[in-house]
Amino acid sequence: MDYIKAFIIGGAICILGQILIDKTKLTSARILVAFVVLGVFLGGIGLYQPLVDFAGAGASVPLPGFGNLLARGVMEEVDRMGFIGILTGGLRASAAGIMAAVLFSFVAALVFEPKAK
């Protein structure tokens, strides 16, 4: 049942993104940023975590989940370190994911041959 919940919520997020691409003049980059900001906002007011608890990776892996992770990290660091936590919390919470993206991108660049368009 967990897989079905993750598929439904993750799919709904993707459907929302596709509708925004098809029906608006927003660029893909602006939609991606909007999803992250939406995740930060919903995570900051405590509405995104129940969705993560319900759908698991279907809510935590897409871009709003990254925004939620940033918001949660900032809130934890502010509690722990005070004002400086605003600057360090998001990076501390998301460091593993960012490092994995950099590492896998580097490996892909070594393995594959780029082609000019």
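FYI, the numbering just counts along the sequence from 1. All of these numbers come straight from a predicted model, not from anything done at the bench.
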I'd like to know if V61 and L69 are part of one continuous hydrophobic network [Ile/Leu/Val/Met/Phe/Trp/Tyr, side-chain heavy atoms within less than 4.5 Å]. no

So which heavy atom on L70 is nearest to which on G90, and how close? CD2-O, 3.5 Å

Donor-acceptor pairs are to be reported for all side-chain atoms of residues 26-47 against protein atoms at under 3.5 Å, with residues two or more places apart or in another chain.
residue	atom	partner	partner atom	Å
T27	OG1	R30	N	3.3

Determine which pairs satisfy side chain to side chain donor-acceptor pair (under 3.5 Å) with at least one residue from residues 95-112, sequence neighbours left out, and list them in order. none

Applying side chain to side chain donor-acceptor pair (under 3.5 Å), which residue pairs with at least one partner in residues 32-54 are found, sequence neighbours left out? Q49-D53, Q49-R72

Got a sec, which hydrophobics cluster with L110, joining ILVMFWY side chains under 4.5 Å apart, including via others? F106

Please say yes or no: joined through hydrophobic side-chain contacts below 4.5 Å, possibly via intermediate residues, are F66 and L20 part of one cluster? yes

Transitive ILVMFWY cluster of I15, excluding itself - 4.5 Å side-chain cut-off: I19

Members other than I4 in its cluster, when Ile, Leu, Val, Met, Phe, Trp, Tyr link by side-chain heavy atoms under 4.5 Å? M1, I8

Find out if a path of hydrophobic residues (ILVMFWY) with successive side-chain heavy-atom gaps under 4.5 Å connects L51 to F7. no

Qualifying side chain to side chain donor-acceptor pair (under 3.5 Å) pairs with a residue from residues 54-66, counting only residues at least two apart or across chains: none

Note: G73 and A93 closest approach over all heavy atoms is CA-CB, 3.6 Å

Applied to residues 1-17, the side chain to side chain donor-acceptor pair (under 3.5 Å) test, sequence neighbours excluded, yields none

Partner of P62 by side-chain contact (heavy atoms from CB on, under 4.5 Å), out of I13, L16, N68: I13

Restricting to salt bridge (Lys or Arg N to Asp or Glu O under 4.0 Å), what partner residues turn up for R80, sequence neighbours left out? E77

State which residues pass side chain to side chain contact (heavy atoms under 4.5 Å, CB included) with V78; sequence neighbours excluded, sorted by chain then number. V74, I86

Linking I/L/V/M/F/W/Y whenever their side-chain heavy atoms sit closer than 4.5 Å, directly or via other members, would F54 and V52 fall into one cluster? yes

